[in-house]
Protein chains: 2
Amino acid sequence: MKRRNTPTKEAVLEVLKTAGKAMSQDAIEQEIHMDINRATIYRVLNRFCEDGVLHRIVADDGKQYFALSDKNDNNKVSDNHFHFKCLACDTIECLPNKVSFTVPNAYSVAHMNCVLTGICKDCS
Amino acid sequence: MKRRNTPTKEAVLEVLKTAGKAMSQDAIEQEIHMDINRATIYRVLNRFCEDGVLHRIVADDGKQYFALSDKNDNNKVSDNHFHFKCLACDTIECLPNKVSFTVPNAYSVAHMNCVLTGICKDCS
DNA sequence: ATCTTTAATGCAATTTTGTCGCATTTGTTA
DNA sequence: TAACAAATGCGACAAAATTGCATTAAAGAT
């Protein structure tokens with residue numbers, strides 16, 4: 001199942017690169033100045049996550065947000081970092097701070113989803 | 001707006017105490033052997049969260065899970081702890097490990113939602 | 001340049017999760 | 001026991017995300 005390049009994929013990536021923060025499907029759709037179906041955007045985003053191009057954050061509103069992964073991001077943050085959701089400007093960004101944790105014996109961790117909520121530097 | 005005691009509230013609390021882990025509305029409904037409306041359970045859960053009896057966790061499936069808060073739990077975990085979702089048995093539990101983090105200057109944190117996903121001790 | 005294969009898309013319907021308005025019921029207190 | 005307001009049931013609704021299916025269009029082969 002080889003991937004193909006399509007205008008939609010390029011547009012989605014472009015939007016996320018420009019924004020420099022995590023975005024939800026509907027926010028992405030609003031920024032793309034093309035008429036692309038909702039379901040298609042979801043499929044593109046899911047494929048990017050599968051391929052490691054994006055990573056998915058689930059905020060405490062239950063919505064999925066998507067942000068560039070390391071390999072496609074010029075910043076040096078890794079994927080196991082904290083995310084910060086600002087209550088004022090309602091944006092989600094990747095913090096440079098890594099999540100450090102220990103788990104009790106016999107637990108193994110495959111994935112993490114850590115979101116801090118509060119007021120960001122631009123809104124304080 | 002003083003709270004009243006109702007059978008529904010008692011039943012919900014009882015289920016959560018017995019389970020000893022975080023549960024979603026539908027899981028709670030299944031465990032309650034009474035015919036209680038979905039919306040009512042949601043309202044009870046939300047009120048409990050307002051009152052600090054429960055705390056709410058949003059897992060990476062986007063669903064809300066509810067667990068007893070400190071004051072009502074005999075365990076000594078505090079509310080700013082990691083949660084662990086097991087991929088095998090699909091349960092969510094509160095880990096004793098506290099979340100420690102630092103944020104960049106001028107950020108203030110009001111709330112956190114941290115869920116680790118993997119295999120729990122019972123399933124490994 | 002054209003054909004072929006199959007990934008990608010559009011559309012509509014569906015599922016899931018959670019909330020809300022409103023009439024009715026029921027705790028609680030006087 | 002009466003009265004007030006919180007709690008409930010019911011139905012409708014909203015938002016987020018997925019899925020089936022027919023159609024379109026990349027990408028490699030001819």
Side-chain angles (χ1 to χ4, degrees), chain A residues 1-16 22-67 83 85 90-92 113 115 117, chain B residues 1-16 22-67 83 85 90-92 113 115 117:
Chain A
M1 212 211 263
K2 206 179 293 177
R3 301 292 188 216
R4 294 174 183 174
N5 287 329
T6 66
T8 300
K9 292 177 69 171
E10 290 175 25
V12 168
L13 262 194
E14 187 55 34
V15 166
L16 281 169
M23 298 178 76
S24 59
Q25 177 277 327
D26 56 299
I28 293 171
E29 184 171 348
Q30 282 188 335
E31 286 301 312
I32 293 182
H33 303 298
M34 304 166 54
D35 195 28
I36 302 176
N37 189 269
R38 254 190 27 245
T40 302
I41 297 180
Y42 274 114
R43 278 187 281 232
V44 165
L45 291 169
N46 284 331
R47 264 177 262 145
F48 276 149
C49 285
E50 281 173 32
D51 298 347
V53 177
L54 302 180
H55 64 283
R56 188 191 317 261
I57 307 123
V58 177
D60 53 12
D61 59 3
K63 281 177 64 176
Q64 300 181 354
Y65 292 76
F66 300 87
H83 295 94
K85 182 175 170 217
D90 208 48
T91 66
I92 293 188
N113 186 70
V115 181
T117 306
Chain B
M1 212 211 263
K2 206 179 293 177
R3 300 295 188 212
R4 294 175 182 175
N5 287 329
T6 66
T8 301
K9 292 176 69 171
E10 290 176 25
V12 168
L13 262 195
E14 186 55 35
V15 165
L16 281 169
M23 297 178 76
S24 59
Q25 177 276 328
D26 56 300
I28 293 171
E29 184 172 349
Q30 283 188 335
E31 287 299 313
I32 293 182
H33 303 300
M34 302 165 56
D35 196 26
I36 302 177
N37 190 268
R38 241 168 28 127
T40 301
I41 296 180
Y42 273 114
R43 278 187 281 231
V44 166
L45 291 170
N46 285 333
R47 265 177 264 146
F48 276 149
C49 285
E50 281 174 32
D51 298 345
V53 177
L54 300 181
H55 64 283
R56 187 192 317 262
I57 307 123
V58 177
D60 54 11
D61 58 4
K63 282 176 63 176
Q64 301 181 353
Y65 292 76
F66 301 88
H83 295 93
K85 181 175 171 218
D90 208 46
T91 67
I92 293 188
N113 186 69
V115 181
T117 306

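Just so it is clear: chains get the letters A, B, ... in the order the sequence lines come, proteins before strands, and each one is counted from 1. Source: prediction; values computed, not measured.
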- Please name the pair of heavy atoms, one in A:Val115 and one in A:Val58, separated by the smallest distance, quoted to 0.1 Å. CG2-O, 3.7 Å

- State, to 0.1 Å, how close B:Leu54 and B:Phe66 come at their nearest heavy-atom pair, and which atoms those are. CD1-CB, 4.1 Å

- Task: Give the rounded distance in Å between these two atoms: CG of B:Asp51 and C1' of D:dA6.
- Result: 13 Å

- Query: Is any side-chain nitrogen or oxygen of B:Arg47 closer than 4.0 Å to OP1 or OP2 of D:dT8?
  - Reply: yes

- Report the distance from atom CD of A:Glu10 to atom C1' of D:dA25, rounded to the nearest whole Å. 14 Å

- Expressed in angstrom and rounded to an integer, what is the separation of A:Asp35 atom CG from C:dT9 atom P? 13 Å

- To the nearest Å, how far apart are A:Asn46 CG and C:dA7 P? 17 Å

- Query: Between A:Leu45 (CG) and D:dT18 (P), how many Å, whole number?
  - Reply: 10 Å

- B:Met23 CE to C:dG18 P: how many Å, rounded? 14 Å

- Message: Quick check for you: to the nearest 0.5 Å, what is the distance between B:Arg47 atom CZ and B:Arg4 atom CZ?
- Response: 10.5 Å

So which protein N/O to nucleotides 19-23 of chain D N/O distances come out below 3.5 Å?
{"from": "D:dG20", "atom 1": "O6", "to": "A:Arg43", "atom 2": "NH1", "distance (Å)": "3.4"}

- Shortest side-chain distance from A:Ile36, nucleotide among C:dT9, D:dG9, C:dG10: C:dG10

- Message: So, using side chain to side chain contact (heavy atoms under 4.5 Å, CB included) as the criterion, who are the partners of A:Asp61 when residues are at least two apart?
- Response: A:Ala59, A:Lys63, A:Tyr65, A:Lys85

- Query: Is there side-chain contact between A:Ile32 and A:Glu14, with heavy atoms separated by less than 4.5 Å?
  - Reply: no

- Query: Base, sugar-phosphate alone, or nothing: which one does A:Thr8 contact when heavy atoms must sit under 4.0 Å apart?
  - Reply: sugar-phosphate

- Query: Which parts of nucleotides 24-30 of chain C does protein reach within less than 4.0 Å, heavy atoms only, written one letter per nucleotide 5' to 3' as B for base, S for sugar-phosphate only and - for none?
  - Reply: --BBS--

- Item | All pairs passing salt bridge (charged side-chain N to carboxylate O under 4.0 Å, His left out) where residues 31-40 of chain B contributes a residue, at least two apart | none

- Message: Let me test you: for the helix from C:dA1-D:dT30 to C:dA30-D:dT1, what is the angle between the axes at its two ends (five pairs each), rounded to 10 degrees?
- Response: 30°

- Mind listing the closest non-hydrogen atom pair of A:Ser24 and A:Asp26 along with its distance? OG-OD1, 2.7 Å

- Which pair of non-hydrogen atoms, one from A:His55 and one from A:Cys49, has the smallest distance, and what is that distance? C-SG, 4.2 Å

- Rounded to the nearest 0.5 Å, what separation is found between the CD atom of B:Gln64 and the CG atom of B:Asn113? 10.0 Å

Protein-nucleotides 15-17 of chain C N/O pairs closer than 3.5 Å?
{"from": "C:dT17", "atom 1": "OP1", "to": "B:Lys63", "atom 2": "NZ", "distance (Å)": "3.2"}

- Message: For the OG1 atom of B:Thr8 and the CD1 atom of B:Ile41, what is their distance to the nearest 0.5 Å?
- Response: 7.5 Å

- Message: Would you compute the distance between atom CD of A:Glu50 and atom CG of A:Leu45 and round it to the nearest 0.5 angstrom?
- Response: 11.5 Å

- To the nearest 0.5 Å, how far apart are NZ in A:Lys9 and CZ in A:Arg43? 13.5 Å

- Query: What do the steps show when you test B:Ile36 against B:Glu29 for side-chain contact (heavy atoms from CB on, under 4.5 Å), and what is the final call?
  - Reply: CA-CA 8 Å; B:Ile36 302 177; B:Glu29 184 172 349; over 6 Å; no

- Note on the structure: Value for CD1 (A:Ile57) from CG (B:Asp60), rounded to nearest 0.5 Å, stands at 12.0 Å

